Asks: 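One structure is given below, represented as structure tokens, and several questions about it will come after.
All heavy atoms count here, side chains included; hydrogens, waters and symmetry mates do not. Source: prediction; values computed, not measured. Note that the numbering runs from 1 along the sequence shown for the chain.
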Amino acid sequence: MTDRWARAEERFRQREADRRYRRDDRAWGGQNSRDNRGKTNRVVGREQDAWDDYEDDTTVIPRYTDDMDDQPPPAPAPRSRERRDAPRPRVGRREPVDDDEPEGRRRSKSPQRSRRSRAASRKAKERKRRRRTLWLVAGVFVLLFAGAAVFAGMKLIKSLGSPEDYAAGGQPGPLVVVQVHDGDTSQQIAATMKDRGVVASTGAFFEAAVRNSNMNSVQPGFYAIPSKIPAAQAVTQLLGKQARVGNLVIPEGRLLHDQYEVGGSGRRTDGIYRMMAAASCIGTGPTQKCVTYEQLDAAGANVDLAALGVPAWAAQGVKDCPDRTRQLEGLIAAGTLDFDPSGTPEQMLRQVVTASAKSYESTGLLQSGGETKLTPYQTLIAASLVEREAKPQDMGKVARVIVNRLRVPQMLQFDSTVNYALDRTEVQTTDADRAAETPWNTYAKTGLPATPISAPSLNALRAMENPEPGSWLYFVTVDKQGTTLFTDDYKQHQRYIQQAQASGILDSGR
């Protein structure tokens, strides 16, 4: 029983101590505490959660004193250092209101909390704006990616299908001429085939070309191929030898017109015009189409030199030609040339003359003449003489003989210039032939012939542009092996002629 009363008395005293502590605590706040009690309670209500983050050990229960004790109530416990150094609350959360804190100090903190709130609001708006921008950019990229994916898918689906092609066994169309340019790839050739109506699609030809390893051997030039045929057949036609047209191979020293040898055989040497006529044929049998030797001869006499492709550096010499049918002599170079046989005779000649002029100019023809004192056209004329008179190893010396004789001056007296105007030719000319006065006979006139007398090679042209140094004025071939002897002494030259006569090289066929 005594214990129960003791415990009851202890509980009573504890309640009284708690009541007194709260009353005394309000007394410490004074008048200001009473004025701000309602306001503080509201703040405390809103910010009670913030205090949960702190470990506050400042709430100390004052020592219990008996009611009869006359001692003054104890002073409020000072705020601990841990309370003052507690971490600052997070942005956007207000500090809990401390009833023990003086009102002035609480007021001083209000502007700081307001500034923090405004800064947090601005940062929140900025984050929201950035998120909105990022979403917009992401949306644009998604749209672009989706468009690219759709486009790639359509291309893939299209590529997976078989390209359009003509059916095998069908009736082919008429022959068309297709040009393959230097450096053309299979895709470029396929585009040309499609444009000319040979195949139904570029894809079909390209696939067929890839499957044929011989496509790498296709040469630049012109090809006659049937139209409207399957792609595989078009590739086979292109690789066939019969398809190549307009391909002209001109031997060095060849003339525009045919020549015949003196003697019983009378063998004909085809001229450039006849060779072009043969190369112009398209097709076979009754449907074959060719230009004729006569058509080319007539076209070559055209006075419209621009239509024939005559270069500016040769225009005056061509205009002065005494025979219109020979005006293009030498302007069609020796070597391999290609022309479109589906064009007119004038167009064919223009193509080969233009290509020849470009080839001549590549040797430096337009820059030559500083040492020889010859114009580009005169250099071409002299080169044609070198081509007809000399072996390749002697071209530089023969070119020097020409330059030396022109400087003396002395007649050139080349038998090749005599033969040029004759219907039938041979190495040894007659006295009557040498006496005949023609614009080309250098036995009857001084200086160079009126025009070139053959198609010179580039080696002959280079030799004439840069003659070998020497004082030679005479030369003669003394045997059938082509041995040629040079000298600047006329008597020595006569002895070389006798040596040539003894070898039989100068015998006449007449």
Side-chain angles (χ1 to χ4, degrees), residues 249-256 272 311 313-314 317 328-337 353 355-420 427 440 442-443 446-479 481-488 493 496 500 505:
V249 180
I250 302 175
E252 299 165 349
R254 194 59 60 97
L255 280 62
L256 287 176
I272 294 174
W313 50 265
L328 294 184
E329 194 74 79
L331 292 178
I332 301 177
T336 301
L337 299 171
V353 169
S356 298
K358 184 177 180 180
S359 177
Y360 288 151
E361 292 168 6
S362 69
T363 66
L365 174 64
L366 302 184
Q367 293 76 38
S368 66
E371 195 268 336
T372 62
K373 308 303 180 185
L374 300 177
T375 66
Y377 189 65
Q378 289 173 334
T379 302
L380 184 65
I381 294 173
S384 71
L385 302 182
V386 172
E387 188 65 57
R388 296 288 290 181
E389 292 284 342
K391 296 291 184 181
Q393 65 270 20
D394 296 322
M395 286 182 172
K397 290 183 177 181
V398 173
R400 176 55 62 186
V401 170
I402 294 173
V403 173
N404 290 344
R405 286 199 177 191
L406 291 175
R407 285 178 179 175
V408 170
Q410 181 178 340
M411 287 185 176
L412 295 179
Q413 296 181 329
F414 287 177
D415 288 315
S416 58
T417 63
V418 177
N419 279 319
Y420 176 74
V427 175
W440 298 274
T442 55
Y443 279 93
T446 58
L448 294 168
T451 66
I453 63 171
S454 69
S457 64
L458 296 185
N459 286 335
L461 189 61
R462 293 188 185 98
M464 199 62 236
E465 292 168 1
N466 299 284
E468 189 172 330
S471 58
W472 310 291
L473 291 171
Y474 310 97
F475 67 94
V476 63
T477 301
V478 297
D479 57 34
Q481 288 73 40
T483 303
T484 303
L485 301 178
F486 295 83
T487 182
D488 57 358
H493 178 57
Y496 289 156
I505 191 174

Asks: Given side-chain contact (heavy atoms from CB on, under 4.5 Å), test L380 with L331 step by step and report yes or no.
Replies: CA-CA 9 Å; L380 184 65; L331 292 178; 3.8 Å; yes
Asks: Pick from N419, T417, T451: which one makes a side-chain hydrogen bond (donor to acceptor under 3.5 Å, both in side chains) with W440?
Replies: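 The passing option is T451.
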Asks: State which residues pass side chain to side chain donor-acceptor pair (under 3.5 Å) with S457; sequence neighbours excluded, sorted by chain then number.
Replies: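 If we apply the side chain to side chain donor-acceptor pair (under 3.5 Å) test to S457, skipping adjacent residues, the hits are E387.
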Asks: I'd like to check V401 versus L473 (side-chain heavy atoms, cut-off strictly below 4.5 Å). Are they in contact?
Replies: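 With C-beta onward as the side chain, the pair stays apart.
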Asks: Would you check if the side chain of S416 reaches a backbone N or O of E389 as a donor-acceptor pair within less than 3.5 Å?
Replies: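 Answer holds: no.
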Asks: Is there side-chain contact between R388 and Y420, with heavy atoms separated by less than 4.5 Å?
Replies: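 A side-chain contact under 4.5 Å is absent here.
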Asks: In the structure I gave you, are the side-chain heavy atoms of V403 and M464 within less than 4.5 Å of one another anywhere?
Replies: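 They are in contact (side-chain heavy atoms under 4.5 Å apart), so the answer is yes.
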Asks: Do T484 and T477 get their side chains close enough for a donor-acceptor pair, meaning under 3.5 Å?
Replies: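 Looking only at side-chain atoms, T477 and T484 do form a donor-acceptor pair, the distance falling under 3.5 Å.
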Asks: With a 4.5 Å limit on heavy-atom distance, are the side chains of Y443 and D415 in contact?
Replies: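 They are in side-chain contact.
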Asks: Quick check: does any side chain N or O of S384 sit under 3.5 Å from a backbone N or O of I453, one acting as donor and the other as acceptor?
Replies: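 Indeed, once roles are kept as given, a pair shorter than 3.5 Å links the two residues.
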Asks: Please examine the side chains of Q413 and R405, heavy atoms only from C-beta on, and report whether any two atoms are closer than 4.5 Å.
Replies: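 Yes. Closest side-chain heavy atoms under 4.5 Å.
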Asks: Would you check, one step at a time, whether the test side-chain contact (heavy atoms from CB on, under 4.5 Å) holds for K397 with F475?
Replies: CA-CA 9 Å; K397 290 183 177 181; F475 67 94; over 6 Å; no
Asks: Less than 4.5 Å apart, any side-chain heavy atom of P467 and any of E371?
Replies: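 Yes - at least one pair of side-chain heavy atoms lies under 4.5 Å apart.
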Asks: Give me the ring orientation class for W313 and Y377: parallel if the planes are under 30° apart, tilted from 30 to 60°, perpendicular past 60°.
Replies: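 Tilted, since the angle between the ring planes falls between 30° and 60°.
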Asks: Run the side chain to side chain donor-acceptor pair (under 3.5 Å) test against Y496 and tell me which residues pass, sequence neighbours left out.
Replies: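 For Y496, the residues satisfying side chain to side chain donor-acceptor pair (under 3.5 Å) (neighbours in sequence not counted) are Q492.
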Asks: Within the structure provided, determine whether I381 and P449 are in side-chain contact (heavy-atom separation under 4.5 Å).
Replies: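 Contact flag for I381/P449 side chains = yes.
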Asks: Just so I know, are the side chains of L458 and Y360 near enough to count as touching, which here means a heavy-atom distance under 4.5 Å?
Replies: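 Yes. Closest side-chain heavy atoms under 4.5 Å.
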Asks: In plain terms, say whether E252 and K391 are close enough for a salt bridge, that is, a side-chain N and a carboxylate O under 4.0 Å apart.
Replies: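 Looking at E252 and K391, the cut-off is not met.
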